[in-house]
Novice: 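Just passing along the structure, written as structure tokens.
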Amino acid sequence: MTRILTIFGTRPEAIKLFPVVAALRDQPGLDVRTCVTAQHRGLLDQVLEIAGLTPDIDLDLMEPGQSLDRLTARLLTGLGEVMDAEKPDRVIVQGDTATAMVGALVAYYRKIPVAHVEAGLRSGDIYHPWPEEVNRRIVAPIADLHFAPTETAANALRRENIDPAGIHVTGNTVIDALHWTRAKIEAQPSLAVGLDDLAARFAGKRIVLVTTHRRENFGGGMENIARAIAEIAARPDVAIVFPCHPNPNVVSVMDAMLGDRPNIARIDPLDYPHFIRALDLSTIVLTDSGGVQEEAPALGKPVLVMRETTERPEGVEAGTARLVGTDPARIVSEIFSLLDDKSAYSAMARAHNPFGDGHAAARISELVADAHRR
């Protein structure tokens with residue numbers, strides 16, 4: 001049996017890897033093990049529960065206010081001990097987190113081959129998104145299998161002289177996870193009933209779903225976002241649904257600048273089924289997240305991205321997403337344009353989603369299995 005160790009630590013990683021773990025377990029000859037670092041504890045556990053995934057190893061490394069230095073150091077020693085005990089034949093990491101970067105580095109120190117899910121995303125600016133842009137770049141020369149979600153991502157790897165034989169365009173596994181979870185909600189509506197009251201409260205209004213948590217927006221950027229939200233919510237035909245990230249750099253600003261307004265529902269972070277339902281309920285998505293840029297277009301929702309750059313330019317090129325930065329006037333103008341101009345809205349809502357067809361995990365599992373049949 002070939003032992004595959006899949007490592008992840010955050011909610012986005014769990015969402016994008018649970019379909020991969022399931023597909024790998026369907027492959028004969030593979031012993032699939034999972035290790036979570038719990039870089040996000042509560043948010044991670046929500047995804048594990050809905051996916052029915054129990055990790056084999058749980059490092060539980062989350063600490064309040066933990067610096068990147070301390071997290072990285074603890075990941076290095078913790079994952080090193082795991083790999084020494086597990087002795088995997090391959091390690092799989094996803095995306096751009098500290099867990100992914102350190103997982104690849106620890107595997108390299110032991111000459112264990114690494115597969116990178118969602119490889120090749122690049123913004124071209126090492127400080128946007130920070131530190132994710134550099135985390136991805138560190139993984140690239142270590143990995144021998146690169147699962148690029150799009151041809152654009154694959155081309156970025158080729159420009160960095162990554163061996164073309166190891167680059168495979170698979171689509172993004174987040175679309176697999178979204179379709180699987182949406183089908184599960186349809187079969188079990190009780191999974192997302194927590195938004196029933198909110199849906200009734202804002203019936204007849206057009207909902208703008210807001211998510212914001214990026215480090216580069218802390219401070220002045222977050223204050224600008226709050227100003228924009230306040231102005232948008234002043235329209236009587238609009239409601240804001242804002243699952244507020246628990247980071248104090250977000251909460252303190254929103255508490256101070258938004259207070260308690262009737263058209264703004266600032267709610268606790270949503271588990272994955274409730275977040276998918278929130279996407280379904282929304283008219284427009286306003287975000288600085290990476291993954292939401294992929295998920296929302298799959299449901300026909302225009303995305304306005306509150307960043308200056310994106311490592312997912314395919315959405316901008318396809319017309320499903322638009323970069324608006326954090327200038328309040330720009331954000332408000334773009335939102336109002338979509339609300340007031342039906343043709344502008346339809347152009348974004350109906351644009352082709354470039355991020356996949358929902359079968360990425362199956363492709364990845366075949367490629368991993370093939371690599372170890374040789």
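In this chain, residues are counted from 1 in sequence order. Since the structure is predicted, the reported quantities are computational estimates derived from the model, not experimental observations.
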Novice: Between the side chains of Asp89 and Arg3, is the shortest nitrogen-to-carboxylate-oxygen separation below 4.0 Å, so that they form an ion pair?
Specialist: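 Judged by the 4.0 Å cut-off on N to carboxylate O distance, Arg3 and Asp89 do not form a salt bridge.
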Novice: Just checking, is any N or O donor in the side chain of Thr99 or Thr37 under 3.5 Å from an acceptor N or O on the other one?
Specialist: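 Present: a donor and an acceptor within the cut-off.
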Novice: What are the two closest non-hydrogen atoms of Gly325 and Glu308, and how far apart are they?
Specialist: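 Closest approach of Gly325 to Glu308: CA-OE2, 3.3 Å.
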Novice: Salt bridge or not between Asp357 and Arg363? Use side-chain N to carboxylate O under 4.0 Å.
Specialist: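 Salt bridge present between Asp357 and Arg363.
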Novice: Are Arg322 and Glu334 packed together at the side-chain level, in the sense that at least one heavy-atom pair is separated by less than 4.5 angstrom?
Specialist: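 Contact flag for Arg322/Glu334 side chains = yes.
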Novice: So does Cys244 get a backbone contact from the side chain of Arg266, meaning a donor-acceptor N/O pair under 3.5 Å?
Specialist: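 No, Arg266 side chain to Cys244 backbone: no donor-acceptor pair under 3.5 Å.
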Novice: Any donor-acceptor pair under 3.5 Å linking the side chain of Glu133 with the backbone of Gly124?
Specialist: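 Yes; at least one donor-acceptor contact below 3.5 Å.
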Novice: Output yes when a side-chain donor or acceptor of Lys301 lies under 3.5 Å from a complementary backbone atom of Ala349, and no otherwise.
Specialist: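 No.
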Novice: Parallel, tilted or perpendicular: which describes the rings of Trp180 and Phe18, with under 30° parallel and over 60° perpendicular?
Specialist: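 Trp180 and Phe18: perpendicular rings.
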Novice: Determine yes or no for a side-chain-to-main-chain donor-acceptor pair under 3.5 angstrom, with Thr72 supplying the side chain and Leu68 the backbone.
Specialist: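 Side chain of Thr72 to backbone of Leu68, a donor-acceptor pair under 3.5 Å: yes, one is there.
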Novice: Above 12 or not: heavy atoms from other molecules or residues under 6.0 Å from CG of Asp197?
Specialist: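 Incorrect, the count does not exceed 12.
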Novice: Would the distance check show the side chain of Asn135 and the main-chain N or O of Asp96 forming a donor-acceptor pair, the cut-off being under 3.5 Å?
Specialist: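 Checked: pair present.
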Novice: Do you reckon Val21 sits in the same ILVMFWY cluster as Ile175, going by side-chain contacts under 4.5 Å, direct or chained?
Specialist: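 Linked within one cluster.
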Novice: Provide the full list of ring-ring contact (aromatic ring centres under 6.0 Å, His included) pairs with a residue in residues 318-366, sequence neighbours left out, each pair given once.
Specialist: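 Of all non-adjacent pairs touching residues 318-366, none passes ring-ring contact (aromatic ring centres under 6.0 Å, His included).
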Novice: Flag the pair Val117 / Lys16 as yes when at least one side-chain heavy-atom distance between them is below 4.5 Å, and no otherwise.
Specialist: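 They are not in side-chain contact.
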Novice: Between Ser343 and Asp341, does any side-chain donor sit less than 3.5 Å from a side-chain acceptor?
Specialist: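 Distance-only check passes for Ser343 and Asp341.
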Novice: Quick one: CD1 on Ile142 to CD1 on Ile112, what's the gap to the nearest 0.5 Å?
Specialist: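 One gets 12.0 Å once the value is rounded to the nearest 0.5 Å.
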Novice: Of all the heavy-atom pairs spanning Met254 and Ala226, show the shortest one and how long it is.
Specialist: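 Met254 and Ala226 have their closest heavy atoms at SD-CB, 3.7 Å.
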Novice: When you compare the side chains of Gln293 and Thr310, does any donor N or O come within less than 3.5 Å of an acceptor on the partner?
Specialist: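 Thr310 and Gln293 do have a side-chain donor-acceptor pair below 3.5 Å.
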Novice: Kindly compute the distance separating OG1 (Thr150) from CD (Glu317), expressed to the nearest 0.5 Å.
Specialist: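 The OG1 atom of Thr150 sits 8.5 Å away from the CD atom of Glu317.
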Novice: Does atom CZ of Arg350 have more than 12 heavy-atom neighbours, drawn from other residues, nucleotides or ligands, at distances under 6.0 Å?
Specialist: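 12 or below, so no.
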Novice: Got more than 12 heavy atoms from elsewhere within 6.0 Å of CG, Asp84?
Specialist: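 Counting other residues, nucleotides and ligands, CG of Asp84 exceeds 12 neighbours.
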Novice: If you round to the nearest 0.5 Å, how far is CD1 of Ile207 from CG of Leu195?
Specialist: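 Separation between the atoms: 9.0 Å.
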Novice: Starting from the C-alpha separation in whole Å, work towards a yes-or-no answer on salt bridge (charged side-chain N to carboxylate O under 4.0 Å, His left out) for Arg206 and Asp237.
Specialist: CA-CA 6 Å; Arg206 289 180 287 179; Asp237 62 331; 2.6 Å; yes
Novice: Donor-acceptor pair, Asp31 side chain versus Thr2 backbone, under 3.5 Å?
Specialist: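 Flag not set: sc Asp31 to bb Thr2 has no pair under 3.5 Å.
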Novice: Under 3.5 Å, is there a donor-acceptor pair linking the side chains of Ser289 and Thr211?
Specialist: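 Their side chains do not contain a donor-acceptor pair, so the 3.5 Å distance test is not met.
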Novice: So Arg158 and Glu151, salt bridge (charged side-chain N to carboxylate O under 4.0 Å, His left out) or not? Walk me through it.
Specialist: CA-CA 10 Å; Arg158 295 180 189 116; Glu151 193 62 39; 2.7 Å; yes
Novice: Looking at every non-hydrogen atom in both residues, tell me the closest pair between Ala38 and Leu44 and how far apart they are.
Specialist: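 That would be CA-CD2, 3.7 Å.
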Novice: In this structure, which one of Val82, Val36, Ile7 forms a side chain to side chain contact (heavy atoms under 4.5 Å, CB included) with Leu59?
Specialist: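 That would be Val82; it is the only one of Val82, Val36, Ile7 passing the side chain to side chain contact (heavy atoms under 4.5 Å, CB included) with Leu59.
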Novice: Please give me the minimum heavy-atom distance between Tyr127 and Trp130, naming the atom from each residue.
Specialist: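 Result for this residue pair: O-CB, 3.2 Å.
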Novice: Decide whether Thr320 and Asn353 meet the rule of one side-chain donor and one side-chain acceptor closer than 3.5 Å.
Specialist: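 Checked: Thr320/Asn353 side chains show no N/O donor-acceptor pair below 3.5 Å.
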Novice: Is a salt bridge present between Arg137 and Glu160, judged by a nitrogen-to-oxygen distance below 4.0 Å?
Specialist: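 Answer for the salt bridge query: no.
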Novice: From Ile240 CD1 over to Lys205 NZ, what is the distance, rounded to the nearest 0.5 angstrom?
Specialist: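 Reported to 0.5 Å precision, the distance equals 11.0 Å.
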Novice: Can any side-chain N or O of Asp176 pair as donor or acceptor with the backbone N or O of Ala361 at less than 3.5 Å?
Specialist: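 Indeed, once roles are kept as given, a pair shorter than 3.5 Å links the two residues.
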Novice: Same cluster or not: are Val193 and Ile50 linked, directly or through other Ile, Leu, Val, Met, Phe, Trp or Tyr residues, by side-chain heavy atoms under 4.5 angstrom apart?
Specialist: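 In one cluster with Val193: Ile50, no.
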Novice: Are the side chain of Arg330 and the backbone N or O of Leu323 linked by a donor-acceptor pair below 3.5 Å?
Specialist: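 Present.
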Novice: Does the distance from a Lys or Arg side-chain N to an Asp or Glu carboxylate O, for Arg277 and Asp271, drop under 4.0 Å?
Specialist: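 The answer is no: the pair does not qualify as a salt bridge.
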Novice: Taking C-beta and beyond as the side chain, do Val285 and Val292 meet within less than 4.5 Å on heavy atoms?
Specialist: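 Yes - at least one pair of side-chain heavy atoms lies under 4.5 Å apart.
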Novice: Is the CZ atom of Phe202 crowded by more than 12 outside heavy atoms at less than 6.0 Å?
Specialist: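 Check passes, neighbour count above 12.
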Novice: Can you see whether Glu13 engages Gln94 through a side-chain donor-acceptor pair at a distance of less than 3.5 angstrom?
Specialist: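 Glu13 vs Gln94: no donor-acceptor pair found between side chains.
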Novice: Would you give the length of the straight line joining atom CE of Met306 to atom CG of Asp327, rounded to the nearest 0.5 angstrom?
Specialist: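 It comes to 12.5 Å.
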Novice: Tell me the closest heavy-atom pair linking Ser123 and Pro129, and the distance in Å.
Specialist: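 Smallest interatomic distance, heavy atoms only, reads OG-CD, 3.8 Å.
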Novice: Does CD in Glu49 sit with more than 12 non-hydrogen atoms of other residues, nucleotides or ligands closer than 6.0 Å?
Specialist: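 Atom CD in Glu49 is not crowded, with 12 or fewer foreign heavy atoms closer than 6.0 Å.
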Novice: Using every non-hydrogen atom in the two residues, find where Ile185 and Pro273 come nearest and quote the distance to one decimal.
Specialist: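 Result for this residue pair: CD1-O, 3.3 Å.
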Novice: Arg90 and His372: side-chain hydrogen bond (donor to acceptor under 3.5 Å, both in side chains), yes or no, with the steps?
Specialist: CA-CA 9 Å; Arg90 173 170 295 280; His372 294 275; 2.8 Å; yes
Novice: Is the side chain of Thr181 donor-acceptor paired with the backbone N or O of Leu178 at a distance under 3.5 Å, no angle test?
Specialist: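 Side chain of Thr181 to backbone of Leu178, a donor-acceptor pair under 3.5 Å: no, none is there.
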Novice: Do Val208 and Leu304 come within less than 4.5 Å of each other through their side chains, counting heavy atoms only?
Specialist: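 Result no, sub-4.5 Å side-chain heavy-atom pair not found.
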Novice: Taking the side chain as every heavy atom from C-beta outward, state whether Gln27 and Val368 have any pair of such atoms under 4.5 Å apart.
Specialist: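 No, their side chains stay 4.5 Å or more apart.
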Novice: With a 4.0 Å cut-off, would you call Arg235 and Asp340 a salt bridge?
Specialist: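 A salt bridge links Arg235 with Asp340.
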Novice: Closer than 3.5 angstrom, by distance alone: can the side chain of Arg312 be matched with the main-chain N or O of Gly290 as a donor-acceptor pair?
Specialist: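 Between the backbone of Gly290 and the side chain of Arg312 there is a qualifying donor-acceptor contact (under 3.5 Å).
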Novice: Check the pair Asp288, Thr212 against side-chain hydrogen bond (donor to acceptor under 3.5 Å, both in side chains), reporting the backbone distance first and the verdict last.
Specialist: CA-CA 5 Å; Asp288 62 10; Thr212 178; 2.7 Å; yes
Novice: With a 4.5 Å limit on heavy-atom distance, are the side chains of Val238 and Leu339 in contact?
Specialist: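 Heavy-atom side-chain distance check passes, below 4.5 Å.
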Novice: One thing to verify: whether Arg136 and Glu118 come together as a salt bridge, which I'm taking to mean a side-chain N less than 4.0 angstrom from a carboxylate O.
Specialist: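 Salt bridge flag = yes for Arg136 with Glu118.
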Novice: In Å, rounded to the nearest 0.5 Å, how long is the span from CD1 of Ile276 to CZ of Arg182?
Specialist: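 Result: 8.5 Å between the selected atoms.
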Novice: Going hydrophobic residue to hydrophobic residue with side-chain gaps under 4.5 angstrom, can you get from Val47 over to Leu61?
Specialist: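 As far as the 4.5 Å side-chain criterion goes, Leu61 and Val47 are not connected within one cluster.
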Novice: Is any side-chain heavy atom of Ile15 closer than 4.5 Å to one of Val174?
Specialist: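 SC-SC contact between Val174 and Ile15 confirmed.
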Novice: Any non-hydrogen side-chain atom of Ile4 less than 4.5 Å from a side-chain atom of Ile92?
Specialist: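 Counting from C-beta outward, Ile4 and Ile92 do come under 4.5 Å.
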Novice: Between Arg33 and Asp56 (salt bridge meaning N to carboxylate O under 4.0 Å), is one present in this structure?
Specialist: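 Judged by the 4.0 Å cut-off on N to carboxylate O distance, Arg33 and Asp56 do form a salt bridge.
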